[in-house]
Enquirer: 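Encoded as structure tokens, here's the structure I'll be asking about.
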Amino acid sequence: MNREIETKELIERAMAAQKRAYVPYSHYPVGAALIADDGEIYEGCNIENAAFSPTICAERVAIFKAVSEGAKCIKKIAIVAGEDMGYPCGVCRQVIREFGKDAEIIVARNTEEYAVYRLDDLLPHSFGPESLKGE
Ligand code: THU
């Protein structure tokens with residue numbers, strides 16, 4: 001798939017997932033969609049909880065769905081948050097680090113307005129699996 005079409009498709013899928021967000025507490029819906037090394041697209045939305053701390057972000061839902069289906073490497077992830085551009089939280093950046101060190105991270109308002117980052121832009125000097133191996 002052509003790069004730009006792939007990016008727009010991921011943003012559309014993230015926007016569709018955002019509509020399914022369960023956000024009775026924050027009222028801040030987030031959607032994410034990623035393409036993994038298996039060629040599949042996985043979507044996620046944030047899912048909140050009355051006890052607050054069990055809440056999980058959209059990005060991690062999408063990533064954990066992918067990994068639980070056998071994918072190990074995220075190639076590209078699109079994120080749509082609130083009504084404006086919302087950047088991934090620190091925990092999600094660290095989880096992207098684990099499964100998508102070289103992933104493109106697309107922070108989008110819609111299919112026309114988006115910015116593309118690499119993880120190194122958002123999480124410089126990161127700690128990852130190689131750090132534990134002394135590499
Ligand atoms: N949230 C995400 O889904 N992704 C992020 O990267 C930032 C925060 C969610 C968690 C919570 O449901 C709501 O946004 C407000 O923090």
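All ligand and atom numbering here is 1-based and tracks the order in the structure. What you are looking at is a predicted structure, and each value in this text was computed from that prediction instead of being measured.
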Enquirer: If you have a sec, work out which protein heavy atom is nearest atom 16 (O) of ligand 1 and how many Å separate them, to one decimal?
Expert: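 Nearest neighbour among protein heavy atoms for atom 16 (O) of ligand 1, to 0.1 Å: Tyr28 CD2, 4.8 Å.
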Enquirer: Relative to ligand 1, is Cys89 under 4.0 angstrom through side chain, backbone, both or neither, heavy atoms considered?
Expert: both
Enquirer: What about Tyr117 and Tyr87, are their ring centers closer than 6.0 Å?
Expert: yes
Enquirer: What is the closest protein heavy atom to atom 4 (N) of ligand 1, and at what distance does it sit?
Expert: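 The closest one turns out to be Glu59 OE1, 2.8 Å.
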Enquirer: Output yes when a protein non-hydrogen atom is found under 4.0 Å of atom 14 (O) of ligand 1, and no otherwise.
Expert: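 Protein heavy atom within 4.0 Å of atom 14 (O) of ligand 1: present.
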Enquirer: To check your reading of the model: name the closest protein heavy atom to atom 9 (C) of ligand 1, its residue, and the distance in Å.
Expert: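 Ranking protein heavy atoms by distance from atom 9 (C) of ligand 1, first comes Asn46 ND2, 3.3 Å.
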Enquirer: For Gly82, does its backbone N or O pair with a side-chain atom of Gln18 as donor and acceptor, under 3.5 Å?
Expert: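 Such a contact is found between Gln18 side chain and Gly82 backbone.
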Enquirer: Can you tell me which residue and heavy atom of the protein come closest to atom 1 (N) of ligand 1, and the distance to 0.1 Å?
Expert: Cys57 SG, 3.6 Å
Enquirer: Distance under 4.0 Å to a non-hydrogen atom of Ser26: what atoms of ligand 1 satisfy this?
Expert: 13 (C), 15 (C)
Enquirer: Closer than 4.0 Å to some heavy atom of Pro88 - which atoms of ligand 1 meet that?
Expert: 6 (O)
Enquirer: For the pair Arg13 (side chain) and Glu43 (backbone), establish whether a donor and an acceptor sit closer than 3.5 Å, ignoring hydrogens and angles.
Expert: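 No, because the side chain of Arg13 does not come within donor-acceptor range (under 3.5 Å) of the backbone of Glu43.
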Enquirer: What protein heavy atom lies closest to atom 3 (O) of ligand 1? Include the residue and the distance to one decimal.
Expert: Ala58 N, 3.0 Å
Enquirer: Give the atom numbers and elements of ligand 1 that come within less than 4.0 Å of a heavy atom of Glu48.
Expert: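 With Glu48 as reference, the close atoms of ligand 1 come out as 11 (C), 12 (O), 13 (C).
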Enquirer: Please say which of Lys101, Glu98, Gln94, Arg97 ends up in a side-chain hydrogen bond (donor to acceptor under 3.5 Å, both in side chains) with Ser126.
Expert: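 Looking at Lys101, Glu98, Gln94, Arg97, the match for Ser126 under the side-chain hydrogen bond (donor to acceptor under 3.5 Å, both in side chains) is Arg97.
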Enquirer: With a 3.5 Å distance limit and no angle check, can you tell me whether Asn46 reaches the backbone of Val30 through a side-chain donor-acceptor pair?
Expert: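 Checking the backbone N and O of Val30 against the side chain of Asn46, a donor-acceptor pair under 3.5 Å is found.
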Enquirer: With rounding to the nearest 0.5 angstrom, report the NZ to CD1 distance, Lys75 to Ile35.
Expert: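 Answer for the NZ-CD1 pair, Lys75 versus Ile35, is 5.0 Å.
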Enquirer: In terms of side-chain geometry, is the basic nitrogen of Glu112 or Lys8 positioned less than 4.0 Å from the acidic oxygen of its partner?
Expert: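 Salt bridge flag = yes for Lys8 with Glu112.
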